[in-house]
Amino acid sequence: MFSSVLSAAVVGVSCIPIQIEADVSNGLPMFSMVGYLSARVKEAQDRVRTALRNTGFSFPARRITVNLSPADIRKEGTGFDLPIAAALLCAFGYLEKECVDKVFMAGELSLNGEVKGVSGILPIVDTAIKSGCRLCIIPKDNLKETEYIYEIPVLGISSLKEFMEHASMKDWGAVRNPVKAWPGNIRESYLDFSEILGQEAAKQAAVIAAAGFHNLLMIGTKGSGKTMIANSIPSLFPPLSREEGMEVSRIYSAAGLLSGQNPFLVQRPFRSPHHTVSPIAMAGGGRIPRPGEITLAHKGVLFLDELPEFHRATLEILRQPLETHKICISRIYGNYEFPADFLLVGAMNPCPCGYYPDRNRCSCTEYEVARYMGKLSGPLLDRFDLCTEVTDVPPEVLRAEKRGKTSLEIRQEVGRVHEIQKKRYEGTEIRFNSSLSGQETEKYCKTSRDGKKLLQKAYEKMNFSLRAYHKILKTARTIADLDDSEIIEEQHISEAVCCRALDKKLWK
């Protein structure tokens, strides 16, 4: 007897629909599985056979063949256990074929018949929706992840016995989740912006970066507050929208980083890898490609502290994703595409000792300074929209009682600018000013006559690249939005140029 059940294979951070086919026929008793399977998937035959027997189902001594189609896609993971068991139950006659028609399934089986949670449930359910299925059955351990999915009924089960009980109910007894508002709470666990003393120029650059999603580089003496500013940037962002939150949550679900305590992401991710991180860990990949740091920072912040200490190969990996917002990885099993639309924040000292250009304290030679600064390539520096200097805080600032704006106050301002950009780019794929292409920059960045003259003069005198020219214009667009001005004025261009000119001073 033949039967089939729908499931999905997690490939990178997305899924491909997989049809589990089971055939039970007369012949020499055997149980074989085919379809380009990994060792973990092949082990499913022992788990499924034992789980069915321990649940009370007889396993007939007949010729049993299970195929996972399409056969040219490699299958990984343990999520195929439940659909394989369901296909066999249909083939054995315990389940009607109509019960599993257009029903998506995923889950791992233990030997006693319990259904365990698996990674990648969110992309699996998303694939079920796109495939037009009427129901999705998943482990109860993963049910919390689907709390904000309304497009399809999702049933969570904890055992094969419970699975069969639901099979006798109409539509498996599953109902759609009630529609409820996406949570808008922000965890106040990050450093508050008002706690940062002084550094007004660097703080303003951080606000511009958060408002327009502009890449930021901070250069300054050791202990001046670069890391504090970077760690407080996540507190400046409003919560993710439902669409953005589900997109990021699908990535973390595929990577196995969601849990019952953290079933979905409301706040933009903040990733801060150590400078010893390898190129593969940064970009993603491995024998079975997994998301790297730049993908885990998607729609959020990637903070690289002590930037020159990172391996050159690791830093150069960032160049292409910063432009295309994705990274493509080729392996023997296929090609994988990972999203990588992130805000890059870098922090570095101006020399190995951290005091240059103060020659009263700096003990580095000119060669050592040049060698240290030369660890960053010109093309990578060119991809930073903002470059700001962080100097020592004067003693009078330490004694000042008046503090600056809090993260909550700035978050409201940044949220207002985000809404301006959302309205401006409605109907397009653009979300922030930093994502504008060259042609779009000319369309949306309307500049006054004096502003155009100043920008042209800066381009000629300071030998900016064409990429830097457009980045200055996009940064000025964000500064104008902060001032609630539709036209980019001369002062907006001036501030954008000042925020971009530090690299010309330090890298000669």
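Quick caveat: nothing in here was measured; it's all calculated off a predicted structure.
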Nearest 0.5 Å please: distance from the OG atom of Ser119 over to the CD1 atom of Ile124.
->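 Those atoms lie 9.0 Å apart.
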Taking side chain as C-beta onward, heavy atoms only, is Ile493 less than 4.5 Å from Leu473?
->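 A side-chain contact exists here, since the closest heavy-atom pair is under 4.5 Å.
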Just wondering, do Val345 and Met218 contact through their side chains at under 4.5 Å, heavy atoms?
->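 The answer is yes; the side chains approach within 4.5 Å.
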When you check the gap from the basic side-chain N to the acidic O, do [X] and [Y] get nearer than 4.0 Å?
{"X": "Glu200", "Y": "Lys203", "value": "yes"}
{"X": "Arg431", "Y": "Asp341", "value": "no"}
{"X": "Arg40", "Y": "Glu76", "value": "yes"}
{"X": "Lys443", "Y": "Glu440", "value": "no"}
{"X": "Asp385", "Y": "Arg467", "value": "no"}
{"X": "Glu316", "Y": "Arg319", "value": "yes"}

Judged by atom type as modelled, is there a donor-acceptor pair below 3.5 Å linking the side chain of [X] to the main-chain atoms of [Y]?
{"X": "Thr221", "Y": "Tyr355", "answer": "no"}
{"X": "His298", "Y": "Thr295", "answer": "no"}
{"X": "Arg176", "Y": "Glu151", "answer": "yes"}
{"X": "Ser7", "Y": "Phe80", "answer": "no"}
{"X": "Ser131", "Y": "Cys133", "answer": "no"}
{"X": "Lys226", "Y": "Gly220", "answer": "yes"}
{"X": "Lys474", "Y": "Leu436", "answer": "yes"}

With Leu302 as reference, evaluate Leu343, Leu318, Leu322 under the side-chain contact (heavy atoms from CB on, under 4.5 Å) test and give the passing residue.
->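 Looking at Leu343, Leu318, Leu322, the match for Leu302 under the side-chain contact (heavy atoms from CB on, under 4.5 Å) is Leu318.
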Let me see the working for Tyr356 and Asn349 under side-chain hydrogen bond (donor to acceptor under 3.5 Å, both in side chains), right down to the final yes or no.
-> CA-CA 8 Å; Tyr356 184 83; Asn349 297 325; over 6 Å; no
Test: Lys75 cationic atom under 6.0 Å from Tyr36 six-membered ring centre, within 45° of axis =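 No cation-pi geometry.
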Taking only residues two or more places apart in sequence or in another chain, which ones pass side chain to side chain donor-acceptor pair (under 3.5 Å) with Thr78?
->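 By the side chain to side chain donor-acceptor pair (under 3.5 Å) rule, Thr78 matches Glu108.
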side-chain hydrogen bond (donor to acceptor under 3.5 Å, both in side chains) between Glu460 and Gln456, intermediate numbers included = CA-CA 6 Å; Glu460 294 172 356; Gln456 185 66 27; 3.1 Å; yes
